[in-house]
Every structure is written in C-alpha cells, then in structure tokens.
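Starting off with a structure, shown below.
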Amino acid sequence: MDVLKASPTIVYSPYIPTTTRNKTQFSKPIFHNLNLQLPCFTRNGSKSRLFTTLSSSPISTTESIEPPMPEVEAEVGKERFDWYSQWYPVMPVCDLDKRVPHGKKVLGIDLVVWWDKNENEWKVFDDTCPHRLAPLSEGRIDQWGRLQCVYHGWCFGGNGDCKIIPQAPVDGPPVHTFKKACVAVYPSVVQHDIVWVWPNADPQYKDIITKKKPPYIPVLDDPSFSKLMGNRDIPYGYEVLVENLMDPAHVPYAHYGIMRTRTPTVKVDREGGRPLDMKVKKLDINGFLGKQDWGSSNFIAPCIFHAFADVEVDQEHRRFSLIFMCVPVSPGNSRLIWTFPRNFGVRIEKIVPRWIIHIGLNLIVDSDLYLLHVQERKIMEIGATNWQKACFVPTKSDALVVGFRRWFNKYAGGEIDWKGKYSGALPPSPPREQLMDRYWSHVVNCKSCSTAHKGLKALEVILQIMSVGLIGIVAVTKQNMISMVVKTTMVSMAIVCFAASKWLAHFIYKNFHYHDYNHAF
C-alpha cells in the first residue's frame, strides 16, 4: 500500500491532491479482500518444493535467521539463464528523434538506433562502421534515408548492406557489395511504444520475432490507461537497480520528504517505517510472482518489474501499475525506463508538461543514487554470490529482494554474461556532481526535457539582454528626454529581469544538471 499511496507523488508530484479523500480511497489495507488476477509465467513441467515464509513474530534467539523464501520454487537441475536469448527495451519511441541516429548500449553491445524512412521502421545496427570502426551513431541520415558514416561517407541501407563507398571507382569492382562491407543488424521491434532489441545478430535470429516476442503487458496497450514514460541512465549496475525497485521499505527513509507513505498504526519513528507483509509466490527461470499487502507484482526476467493494485473507490474500479524496465548496460551502469499506467486522472497528463513530472521523478532517483552506487561497490568486494551471507535480511519486507537474488544466483550464476567484454571490475567512482548529473543521464535522452532546457536557457539569455538593454537606454538617454518616473521604471525593470535571470539559471542548474540530496537534513 505504501507504493500505491506514494504514487501520486512519484508520478505527479506537481499536483498532489490536497482534498480530503474518501475512506475507501487508498486507506487502510483493503487489498486482502480483492480477487487479484496474477499474471502467469510459462513453467517447465518439473517438480517443485515448498518453502515456508518467515514469521513476522518477534525473534529473541541469537541463532542464524533464514531470509524469506519463495513459497514455490521450481526444481530445474542445471538450467541456466541465457542473457542473449531475450528481448531488451532500448528506448521509448517518444524520446527518439527520427532525424538522427542514436547511440545506445545494451549488455555491453554498442548499438545505433535509427529511423529507416524507406522501410518506415526503427532499425538497430552494430554501432561500428566496417571500414575503420568509426561509430555510426555519430553519423547522419542522408537525403535518401540511408545511414551514413561521417568519417568517410559510407552509406548503409535498412538491411545493413553497404549502398555506396565514395572512394571506390565507379568503373572498378563493386566492393560495396562485399560481405565485409555490411553492418551487423540486430532484430528489433516496437512494442508498447518502446524499441526492443534481440542482442544476437546471427542470421538465424533474423525472424526471431515470429517465435518469441517481448513480454506483453496489456495495460500498456489499453487506451483507457495513461502512458507517460521516461528514461534515465543509472551509474550503478542492473542487479542493484532491480532489487532497489522491489524494495518499498526504503521509501520512507531514502525518499523522506519527497514521497508520501501511509502513516502506520504504531509509529516508531518520524519517517513512518512499518512491517510489510511480502512474499514470493513462485520462482523459476522466467522470474517470479510477488504478493504484497497492497497488491501484487511480478518479475519478468531479465528486465521487467511490474507492481499493480486494483481498488474500488466510490463504486469506481481503479487500477494502478508501476512498471520498471531495467536494462544491463555495462558493469556499474544500467538504464531505467519507467511508466506508471493508471485508468483514472488520465487528463492530468495532458495539462502538466512531461518535463515538470520528470523533475520530481529525477529527484527521487537522485535521493538514493549515491547510497546505491556505494552499496554496489561493497557487494562487489564480498562477491555477488555471497550477498545472502553478507546481508542480514530477517523480515518479510525484504522478500522480493531475496527472491530476485535467489533467481540471479540460481539461474544466472550471480553475474551477467558480458561475453568476455569486461573483467568484472567496476569503473572508478566519479566526483559526486558528475555521478548525480542529470543532463547527460536524462535531459539529452528525453525529448521533452531537452526542449524545455533549450527554451529556459533561451529565456535566461533574453532576460539578461533585457536587463543590460534597459540600463543602456537609461545611461545614453539625455536627462531631459525622459522623465524621472520612466527612468525609475526602466531601472526597476532591469533589476527585475536581472534577478529573474539569476533565479532561472539556478532553477535550470538544480533541475536539469545537478541536485544534491542531504539525508541529514
């Protein structure tokens, strides 16, 4: 229930409801009376064993305490998760510009995403020109709709075939048709208004979409639900990102003052932490199902965590979802794509600009970003497979986190398969301001925030010019040409414009570049 109550602030912090709510509206736990429909996973026909969940009663013994276990866990022998036989979300279509190629990284693979106007679809190529290995994402789309490498002008069609090598003689051998002149093409598809990629360019996977599709989430295709999306590059790894999003118990503390949570019956501290009844219902190679006191959730391996709740408010059925797509980028780096569909208050998204909503969401990300960046390094020191031995997780509030770590260790061996691209070491920690930078991690990758940033910067310059101009006019105008009242008015306007430009500069820096978060205050 905490996450659901926090959701108006999480998603729409600019307009938190201030009116008194109906008693049935997100009040005390009511979800135990609902018949929640849990999405199912395809399951192998193997034996299963029953695990007991941890009791919530107080514990006084000094003996070792086992963490919350899945109620049902598949018995699958040596089944291993194949990271390269999955679909991965790359970017929301709303944040991709059809006029330019976009460089992205997934599973350590450098990709270029571009719009092929000849075939009227998004294409995903290897971000390497076969000529001298220059990045194609730094290129352009030429007037014929081909992807052009700007190093030497080689052009490529939608199938990865080289269309022209400007340096090759017209009457010479057709070297542009050679196989080595082609670019590797990755299978891709647009689903839920997101570009997905299959990270294997082997020709045998060319038509993989006919055999295996990306995970389908019905509410993302339901026109009665809101669809606001966002993305951000995160300076800590995939596994830390996933488990943090599965952990509502940290919200009253790490996001104190930013996100609202339900006031507990017995308040033990200022922040309002309380016991959470959470459990993993089933766990297998495809992920697991989760149950919380406010709703349900599922983890669809490897990328999607979907928490959802249904509630009746004034005889109106309301459904709210938190959908997080977590993309492994490289050791110590990941990408988060989020969307919070709901079937109520949909019109608000048409009134409040997306960039304003993103300011609040970025503050939430920033408020625990440094904690998680440091935490990942401590986990790396002890070894990811030793996580459960090093971390003390005795309560049910950690059930989903423990469930994810069990899945990660059991089916993925406690590590992402980078195909030997990385040694496993994390990159050096940058200065705090660079670590929590919003501009390069979000603004340049978000069409709405990028447009707002440019507009606000232009307004800042206009205000500065107006301030200087007004003072200049007063200075060069002869004393008897304008009255003292006009002079005073112009000087006052100049001061106001100057002050407004300074305030706006601070606003831009704090919301589009760097906003620190001091937990002590």
Side-chain angles (χ1 to χ4, degrees), residues 88-190 193-203 205-209 231 233 327 329-330 335 421 439-441 443-451 453-454:
Y88 291 85
V90 183
M91 279 290 285
V93 171
C94 62
D95 290 323
L96 293 173
D97 189 339
K98 292 182 178 181
R99 300 170 299 172
V100 299
H102 303 266
K104 298 296 171 187
K105 190 189 289 284
V106 173
L107 281 177
I109 304 170
D110 289 312
L111 305 172
V112 56
V113 183
W114 65 287
W115 177 254
D116 182 1
K117 70 178 185 180
N118 296 311
E119 297 188 27
N120 203 37
E121 62 184 9
W122 290 100
K123 295 297 179 70
V124 181
F125 285 7
D126 182 47
D127 192 16
T128 305
C129 179
H131 177 213
R132 299 261 294 280
L133 311 186
L136 293 171
S137 58
E138 292 298 318
R140 65 175 67 93
I141 299 173
D142 70 8
Q143 61 268 44
W144 293 284
R146 305 173 302 192
L147 179 61
Q148 183 187 70
C149 176
V150 293
Y151 194 21
H152 291 92
W154 289 32
C155 294
F156 305 92
N159 294 320
D161 52 318
C162 183
K163 296 295 186 181
I164 184 174
I165 298 177
Q167 296 77 22
V170 177
D171 56 353
V175 291
H176 68 282
T177 62
F178 291 9
K179 186 176 181 180
K180 290 193 69 174
C182 298
V183 180
V185 181
Y186 291 91
S188 60
V189 68
V190 173
D193 294 322
I194 295 171
V195 175
W196 297 73
V197 67
W198 183 271
N200 195 325
D202 191 298
Y205 297 107
K206 181 180 179 182
D207 298 317
I208 189 64
I209 189 64
N231 74 90
D233 292 335
V327 185
V329 173
S330 61
R335 183 177 305 112
K421 295 184 182 72
Y439 184 78
W440 294 107
S441 64
V443 175
V444 296
N445 297 315
C446 173
K447 189 178 293 186
S448 177
C449 291
S450 179
T451 301
H453 180 266
K454 291 175 182 176

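Keep in mind that this is a model prediction, so the values were computed, not measured. Keep in mind that the numbers below use all heavy atoms, side chains included, and drop hydrogens, waters and symmetry copies.
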How long is the span from the NE2 atom in H131 to the OH atom in Y151, to the nearest 0.5 Å?
8.0 Å
Please lay out, stage by stage, how H152 and I165 fare under the test side-chain contact (heavy atoms from CB on, under 4.5 Å).
CA-CA 8 Å; H152 291 92; I165 298 177; over 6 Å; no
So L136 and W114, do their side chains get closer than 4.5 Å, heavy atoms only?
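In short, these two side chains do not touch, never coming nearer than 4.5 Å.
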All side-chain hydrogen bond (donor to acceptor under 3.5 Å, both in side chains) counterparts of S450, not counting sequence neighbours
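With neighbours one apart ignored, the set is empty.
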Looking at V124, V112, D97, which one forms a side chain to side chain contact (heavy atoms under 4.5 Å, CB included) with H102?
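Single side chain to side chain contact (heavy atoms under 4.5 Å, CB included) partner of H102 among V124, V112, D97: D97.
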Minimum heavy-atom separation for D193 to V190, with atom names?
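Minimum heavy-atom contact is CA-CG1, 4.1 Å.
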Backbone N or O of R335 within a donor-acceptor pair of the D233 side chain at under 3.5 Å?
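Here the side-chain-to-backbone pair does not exist.
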With no hydrogens and no angle check, do the side chains of N445 and K104 hold a donor and an acceptor under 3.5 Å apart?
yes
Tell me, which pairs form a salt bridge (Lys or Arg N to Asp or Glu O under 4.0 Å) where one or both residues lie in residues 135-148, sequence neighbours left out?
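Qualifying pairs, neighbours excluded: D142-R146.
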How many angstroms lie between atom NZ of K123 and atom CG of N159, to the nearest 0.5 angstrom?
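That separation rounds to 5.5 Å.
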Would K105 and S330 count as a side-chain contact (heavy atoms from CB on, under 4.5 Å) here? Give the steps.
CA-CA 8 Å; K105 190 189 289 284; S330 61; 4.2 Å; yes
Please set out all donor-acceptor pairs under 3.5 angstrom arising from side-chain atoms of residues 88-95, sequence neighbours excluded.
{"residue": "Y88", "atom": "OH", "partner": "W83", "partner atom": "O", "Å": "2.6"}
{"residue": "D95", "atom": "OD1", "partner": "R354", "partner atom": "NH2", "Å": "2.5"}
{"residue": "D95", "atom": "OD1", "partner": "K447", "partner atom": "N", "Å": "3.0"}
{"residue": "D95", "atom": "OD2", "partner": "N231", "partner atom": "ND2", "Å": "3.0"}

Hey, does the side chain of D126 reach the backbone of I109 with a donor-acceptor pair shorter than 3.5 angstrom?
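No: the side chain of D126 does not pair with the backbone of I109.
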dist L133:CG -> D110:CG (nearest 0.5 Å) comes out at 11.5 Å
From C162 atom SG to L147 atom CG, the distance as rounded to the nearest 0.5 Å:
10.5 Å
For K98, side-chain contact (heavy atoms from CB on, under 4.5 Å) partners two or more places apart:
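Only W115, W122 meet the side-chain contact (heavy atoms from CB on, under 4.5 Å) criterion with K98.
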Show every side chain to side chain donor-acceptor pair (under 3.5 Å) that has at least one partner inside residues 161-174, sequence neighbours left out.
W154-Q167, D161-K163
Please tabulate, for side-chain N and O atoms in residues 172-187, each donor-acceptor pair with protein atoms closer than 3.5 Å (sequence neighbours left out).
{"residue": "T177", "atom": "OG1", "partner": "P174", "partner atom": "O", "Å": "2.6"}

Treating D127 as the side-chain partner and S137 as the backbone partner, does any N or O pair qualify as donor plus acceptor under 3.5 Å?
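Flag set: sc D127 to bb S137 pair under 3.5 Å.
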Between atom OG of S188 and atom CZ of F125, what is the distance when rounded to the nearest 0.5 Å?
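Taking OG in S188 and CZ in F125, the distance rounds to 9.0 Å.
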Does atom NZ (K454) have a neighbourhood of more than 12 heavy atoms from anything else shown, all under 6.0 Å?
no
Could you state the interatomic distance from CD1 (I208) to CH2 (W198), rounded to the nearest 0.5 Å?
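If we round to the nearest 0.5 Å, I208:CD1 and W198:CH2 are 4.0 Å apart.
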